[in-house]
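All remarks here apply to the structure that follows.
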There are 2 protein chains.
Amino acid sequence: MDASPNVGLLLFLPYRAMESRVLTTLASVGYSDITLAQARVFQRIGPDGTRLTDLAEQAQVTKQTAGFLVDQLERTGYVRRVPDPADGRARLVRITERGAAAQETAAGVVAAMESEWEQHLGSRRMAALRETLLRLREITDPYA
Amino acid sequence: MDASPNVGLLLFLPYRAMESRVLTTLASVGYSDITLAQARVFQRIGPDGTRLTDLAEQAQVTKQTAGFLVDQLERTGYVRRVPDPADGRARLVRITERGAAAQETAAGVVAAMESEWEQHLGSRRMAALRETLLRLREITDPYA
DNA sequence: TAGATTAGACAGTGACACTGACTAACGTCA
DNA sequence: TGACGTTAGTCAGTGTCACTGTCTAATCTA
């Protein structure tokens, strides 16, 4: 198993490396009050706001869990809830200015790490990787 | 972000798909008392047994957490602890027969899923994916 | 043999994630 | 239009996971 790990595990290793780099960088520049689980929900919020139920579905957690995480994000000022004009039952989770700033920082880290990978793999392999993963997504992401 | 998700997220999606398929399959054939966190530790156990500290390092959790998970795996009969002949302080975590049976089932699911992916991607792309991920591992896995 | 290191356990705490039960708003259809 | 099923979200309670800090016993080193 160490000789040739399965592809699932091989996918996980770089994913985890990126995730933890993003989080430690965020913490080091002042966003130390955000956790992994919060980030996973946060990154699914669209530019015009997203409903709690949709966030829960995409992050594959229950509505209750998503609500709990959004509570925390709201308390620390990264998001706020506003009524959904289209549906009186629903509310939209929107990113605040603080949230947008954090998002920008995170995007920078992601870009930097991707370029490190490209350095190591070569741009051709990197492009092929991206394309292959997009294809794989078709059969592994129920929300694509 | 939905138009072109970052590579980190793209890596995560198939990984999660495989992980959850393995777990649900295990549960459906009688191994319903194993959790995700336990599985992550379990799959790092070598054929001759592995020390708790090594498991903790590879799974990137603390010794305490690893010990907690091994406790559970021991209680449900997947592993047992035996003294390490080479070091009186240490004990080796070994896979039991029940554990080996579960491991075989899991390996079957992984193989089936990989072949699904190969069907979808074509064998050439699949081989390239595997090779690229192995290269990426060099710079993203501290325990490679 | 004294001192530093290492393997592992115990206690306590906080973060997630779940099920189940509930309210309120929406949509439909007779 | 009003009863009925559905959907959005919350509240309460529970179990799992992962952490820090502290401790012991065995091992290694000088």
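Naming convention: chains lettered A, B, ... in sequence-line order (proteins, then strands); numbering from 1 in each chain. Because only heavy atoms are used, hydrogens play no part in the values below, and waters and symmetry mates are left out as well, while side chains stay in.
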Could you tell me whether the side chain of B/N6 reaches within less than 4.5 Å of the side chain of A/M18, counting heavy atoms only?
yes

I need a per-nucleotide contact map over nucleotides 22-30 of chain D, read 5' to 3'. Cutoff is protein heavy atoms under 4.0 Å; write B for the base, S for backbone only, - otherwise.
----BS---

Nearest-angstrom distance from the residue atom NZ of B/K63 to C1' of D/dC17
18 Å

For DNA chain C, what residues of residues 67-78 of chain B have any heavy atom nearer than 4.0 Å?
none

Hey, does B/R51 have a side-chain heavy atom less than 4.5 Å from the side chain of B/L55?
no

Could you work out the complete set of other residues in the hydrophobic cluster of A/V61, with links drawn between I, L, V, M, F, W and Y side chains under 4.5 Å apart?
none

A/F42: partners by ring-ring contact (aromatic ring centres under 6.0 Å, His included), with sequence neighbours left out
none

Per the end-axis method with five pairs at each terminus, what is the bend angle of the helix from C/dT1-D/dA30 to C/dA30-D/dT1, to 10°?
30°

Salt bridge flag under 4.0 Å for residues B/D33 and B/R98
yes

Rounded distance [0.5 Å steps], CG in B/L133 versus CG in A/L13:
9.0 Å

Could you give the CG-to-C1' distance, from A/L55 to D/dG9, as a whole number of Å?
13 Å

Working to the nearest 0.5 Å, report the span between CD of B/Q103 and CD1 of B/I45.
8.0 Å

When you measure from the side-chain N and O atoms of B/T53 to the phosphate of C/dG8, is any distance below 4.0 Å, counting only OP1 and OP2?
yes

Could you tell me whether the side chains of B/T62 and B/T65 share a donor-acceptor contact shorter than 3.5 Å?
yes

Look at all strands and tell whether B/R40 reaches a base, only sugar-phosphate, or nothing, counting heavy atoms closer than 4.0 Å.
nothing

Electrostatic pair A/R80-A/E74, nearest N-O below 4.0 angstrom:
no

Take the protein atom CG of A/L52 and the nucleotide atom P of C/dA17, then report the distance between them rounded to whole Å.
14 Å

So how far is it from B/L9 CG to A/E19 CD, rounded to the nearest 0.5 Å?
10.0 Å

Using a cut-off of strictly less than 4.0 Å, decide whether A/R91 has a side-chain nitrogen or oxygen near OP1 or OP2 of D/dT10.
yes

In whole angstroms, how far is the P atom of C/dG8 from the CZ atom of B/R81?
9 Å

Side chain of A/Q38 - closest among D/dG9, C/dG8, C/dC16:
C/dC16

Working to the nearest 0.5 angstrom, can you tell me the gap between A/M113 CE and B/I139 CD1?
7.0 Å

Using whole Å, report how far CD of A/Q60 lies from C1' of C/dC18.
15 Å

Quick one: label A/T35 by what it contacts on the DNA or RNA (base, sugar-phosphate, nothing), any heavy atom closer than 4.0 Å.
sugar-phosphate

Atom-to-atom span, CD1 of B/I34 to C1' of D/dT16 - whole angstrom:
14 Å

Residue pairs passing the salt bridge (charged side-chain N to carboxylate O under 4.0 Å, His left out) test with at least one member in residues 111-125 of chain A, sequence neighbours excluded, are A/R21-A/E116, A/E114-A/R130, A/R125-B/E131

For A/D54 and D/dG9, what is the distance between atoms CG and C1' respectively, to the nearest whole Å?
13 Å

With respect to the phosphate group of C/dA17, does any side-chain polar atom (N or O) of A/T62 fall under 4.0 Å of OP1 or OP2?
no

Would you say A/T65 reaches C/dC16's phosphate, i.e. side-chain N/O to OP1/OP2 under 4.0 Å?
no

